[in-house]
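For reference, the structure discussed in these notes is given below.
Bear in mind the structure is a predicted one, so any value in this text is a computation, not a measurement.
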Amino acid sequence: MNYRMIFHTLGRIAIVLAILLVIPAVLALCLGEASWWAIAITVGISLAIGLVLMLCLKPKDKVIFAKEGLIIVSLSWIYVSAIGALPFVITPSPAKLGYIDAFFEMCSGFSTTGATILTGDKIDTLYMTDKALLFWRSFTHWIGGMGVVVFLMAFETGDSNRGMHILRAEMPGPTVDKIVPRARNTAKILYLLYIGFTVVETVALIIAGAVADKLPIGENIFDAVVHAFGTAGTGGFSVRGSSIAYYSAAYQWIITAFMILFGINFNLYYLMLLRKFRQAFGSRELWIFMGIIAVSMTAISIDLALANLPFAQNAHDTVRHSLFQVAAFISTTGYSSIPDGLNINSFPLLSLGILFLLMFIGGMAGSTGGGLKVSRVVILCKAVKKELRKVLHPRNANAVKFEGKIVSDETLHSVTSYFGLYMLILAATFIVLCFDTSVAGYATSVGSNISAVESNITAAVSCINNIGPAYGVAASGYYMYNWLSKLVMSFAMLIGRLEIYPILLAFAPTTWIKR
């Protein structure tokens, strides 16, 4: 185990975090907000930690293997969440939170989950008094969307030996392939595409905000930037208490389109840039992803129309809200277009069931979306089909194929093992939440214990799949959960974003034993 390289890299991450925190600090100074010095203190703390780790633990050997790559990624994500929470704890503004709440918010931010303990009223208050902290909250989505360590690989010069181990540990999906020979160049290409899409969406939202929403120029630019951050990272933090419902239909259509675009494998965009359109559009996963969206949107549109809900009184509004929520759930962004005073619980039962299933599926492998991933779900289904055929025709060859290639037994084993572990962690998270009597008490005051069970299972699914919204009493936020539940959900969000193994490996005692 190359301990020095692990902690030296963590020191570099600490310095990168300090540099990134300078942006909201400068914004707070420009806006005259009191939180600037809280952010500045956090910059100093992170910078000091980074310099100590870098100077005191210079590695003799910079080569890292799979184990070191997994540990570097998991420790980096825990570190940025733990330190990134400090401005919310130190600030004297209305944004001041207890450390557990702030840690939950940052885990939700960096993991691009979008679950929040802030009520709509508090978010609206912060919008008037502390935009810098709201900016930092959404900026974590953008950083975490492509990956904290991938960000370091893309923009820091230096040696990149074994960088693919880090790329595989941090990029979601059953497999990760380099799109160019060097992992560092792969990271650069991915981030350039990521930045390009973010800029295009920001410009589109600024135009919509000026023309359709008539927002003042300062508010318009700020709102457009933070919502582009949330969409790019498929996170879902909004700076308005009513989320995207605050804005016009045009604004919502733009965000809908980009939620879908960011749920698509970025490798396909690179192929398009190379004019390999046949190869890009020949992706089976792409067409399955788009097919799921089309079928789900159609079913929910019909269901909403039959339910005669107040926000679905004509065909345009019905289709808009249906497609928006489908895109928000399958891309795991979690934004809401449901008008103020209502929430996801207002949807009819069939629609809720479809959206619940979309929580599990998630985006495509290689996208910024969470969930199991479309490719993994397809491979799981094909593996089940293979076993059924094996029972009926034991002597026949039953190879599993996906994207025109035979899926290796190693990949099949990896996918099925991952799913088994995923279900165990989901069940454990749900059981822990059911011990939280504060939720049951809150549910009883507004409904019944059935509502508490509904909240807990959807909250567990939402956190592990990095969705954000939940059903029942948790539909309005996670503030009613106790400190232990929030800690468990915080780590569930990180486990889901890093796809289980890096976090589990970091906390396994055998990992740290020298051999």
Side-chain angles (χ1 to χ4, degrees), residues 78 81 85 97-109 111-119 236 329 332 334 336 343-362 370-372 418-501 503-504 507:
I78 293 169
S81 299
L97 300 172
Y99 186 77
I100 299 295
D101 283 352
F103 181 69
F104 178 95
E105 205 75 7
M106 285 297 98
C107 287
S108 181
S111 68
T112 72
T113 304
T116 183
I117 47 83
L118 300 177
T119 62
F329 273 70
T332 71
S336 174
N343 56 39
I344 195 64
N345 294 329
S346 306
F347 274 50
L349 188 59
L350 176 61
S351 297
L352 290 175
I354 293 170
L355 292 174
F356 183 67
L357 291 178
L358 296 183
M359 284 186 178
F360 289 93
I361 297 172
L372 284 169
Y418 176 87
F419 182 70
L421 192 54
Y422 165 91
M423 293 304 295
L424 282 174
I425 294 171
L426 175 60
T429 304
F430 169 64
I431 292 299
V432 170
L433 297 185
C434 286
F435 278 103
D436 192 339
T437 55
S438 60
V439 177
Y442 185 86
T444 301
S445 69
V446 297
S448 68
N449 281 330
I450 294 176
S451 182
V453 172
E454 185 180 279
S455 298
N456 291 337
I457 186 62
T458 54
V461 172
S462 184
C463 288
I464 290 174
N465 290 303
N466 306 131
I467 309 292
Y471 298 169
V473 295
S476 58
Y478 293 73
Y479 49 85
M480 75 287 296
Y481 284 95
N482 65 25
W483 67 271
L484 178 61
S485 296
K486 288 172 183 172
L487 271 182
V488 169
M489 288 189 286
S490 296
F491 280 97
M493 289 186 274
L494 294 179
I495 286 171
R497 172 60 181 83
L498 298 179
E499 301 205 326
I500 300 176
Y501 294 109
I503 296 291
L504 294 189
F507 285 93

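- Under the 3.5 Å distance criterion, the side-chain polar atoms of T429 are left unmatched by any main-chain donor or acceptor of A460.
- Legend: residues meeting side-chain hydrogen bond (donor to acceptor under 3.5 Å, both in side chains) with T112, ordered by chain and number and at least two apart, are absent.
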- Task: Please lay out, stage by stage, how I503 and I78 fare under the test side chain to side chain contact (heavy atoms under 4.5 Å, CB included).
- Result: CA-CA 9 Å; I503 296 291; I78 293 169; 4.2 Å; yes

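- Distance alone, capped at 3.5 Å, places no donor-acceptor pair between the N343 side chain and the S476 backbone.
- Summarising the geometry, atom OG1 belonging to T458 is positioned 11.0 Å from atom CD1 belonging to I467; distances are rounded to the nearest 0.5 Å.
- Residues Y478 and D101 have side chains that never bring a donor and an acceptor to within less than 3.5 angstrom of each other.
- Taking CD1 of I354 as the start and CG of L349 as the end, the distance is 10.0 Å to the nearest 0.5 Å.
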Practice item. Before giving the answer on side chain to side chain contact (heavy atoms under 4.5 Å, CB included), spell out for Y481 and I117 the whole-Å C-alpha distance, their side-chain angles and the decisive distance to 0.1 Å. Key: CA-CA 9 Å; Y481 284 95; I117 47 83; over 6 Å; no

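- Across all their heavy atoms, M493 and A115 have their closest contact at SD-CB, 4.5 Å.
- Note that the CZ atom of F507 and the CD1 atom of I495 stand 8.5 Å from one another [nearest 0.5 Å].
- Considering every non-hydrogen atom in both W483 and I100, the closest pair reads O-CG2, 3.7 Å.
- Between F356 and F360, the two ring planes are perpendicular [angle over 60°; tilted spans 30° to 60°].
- Using a distance-only test at 3.5 Å, with no hydrogens or angles considered, no donor-acceptor pair links the side chain of S485 to the main chain of L433.
- Between the side chain of T116 and the main chain of G477, no donor-acceptor pair closer than 3.5 Å is present.
- When all heavy atoms are compared, the tightest approach of G468 to S462 is N-OG, 2.8 Å.
- The two residues I425 and L504 make their nearest non-hydrogen contact at CD1-CD1, 4.4 Å.
- Between the side chain of N482 and the backbone N or O of D436 there is no donor-acceptor pair closer than 3.5 Å.
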**Prompt:** How far apart are the C-alpha atoms of F103 and L487, what are their side-chain angles, what is the distance that settles it, and do they pass the side chain to side chain contact (heavy atoms under 4.5 Å, CB included) test?
**Reply:** CA-CA 8 Å; F103 181 69; L487 271 182; 4.0 Å; yes

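- From N465, atom CG reaches atom CG of L358 across 11.0 Å, with rounding to the nearest 0.5 Å.
- In this structure, S455 and A474 approach most closely via the heavy-atom pair OG-N, 3.5 Å.
- Side chain of S438 to backbone of M480: a donor-acceptor contact under 3.5 angstrom is found.
- Other residues, nucleotides and ligands contribute at most 12 non-hydrogen atoms within 6.0 Å of the CZ atom of F435.
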Q. Yes or no on side chain to side chain contact (heavy atoms under 4.5 Å, CB included) for N345 and E454, after CA distance, side-chain angles and deciding distance?
A. CA-CA 11 Å; N345 294 329; E454 185 180 279; 4.3 Å; yes

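- The distance from the CG atom of L355 to the OH atom of Y471 is 4.5 Å, given to the nearest 0.5 Å.
- With rounding to the nearest 0.5 Å, the separation of CG in L494 from CD in E499 is 13.5 Å.
- The shortest non-hydrogen separation linking I344 to A475 is CG2-CB, 3.9 Å.
- Under the 3.5 Å distance criterion, the side-chain polar atoms of S108 are left unmatched by any main-chain donor or acceptor of F104.
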